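To start, the structure itself, in structure tokens.
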Amino acid sequence: MRITYIILGLLVFGAVLTMLISQDPQKSASLSQMYRDAAFSGETREIVLALLAFGIGGFIVYLTMTRR
């Protein structure tokens, strides 16, 4: 089976699941609350973004220096 069909199937499954969840107001509200509870806020968000930026920058420097 080709990987394209697997990815397409997963996307369709995700869309159908999203439609089913969004039709039920109670599940939709609990999902929204879960997203709010799991999200980083304030200074924590800034620290996480800075660490991601340093990590990605370091990886780019590593790739640049090791390729010859």
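Just so it is clear, the model here is predicted, and its values are computed rather than measured. Hydrogens, waters and symmetry mates are skipped; everything else that's a heavy atom, side chains included, is used.
Cluster annotation: Val12 is connected to Leu20 through the hydrophobic network of ILVMFWY side chains, with a link wherever side-chain heavy atoms come within less than 4.5 Å. Leu17 and Leu8 fall into different hydrophobic clusters, where Ile, Leu, Val, Met, Phe, Trp and Tyr are joined by side-chain heavy atoms under 4.5 Å apart, directly or via other members.
Taken to the nearest 0.5 Å, the CG atom of Leu10 stands 15.0 Å off from the OH atom of Tyr5. Here the straight-line distance linking atom CD of Glu46 with atom CG of Leu51 works out to 12.0 Å at 0.5 Å rounding.
Under a cut-off of 6.0 angstrom, the local environment of CD in Gln26 is sparse, with at most 12 non-hydrogen atoms contributed by other residues, nucleotides or ligands.
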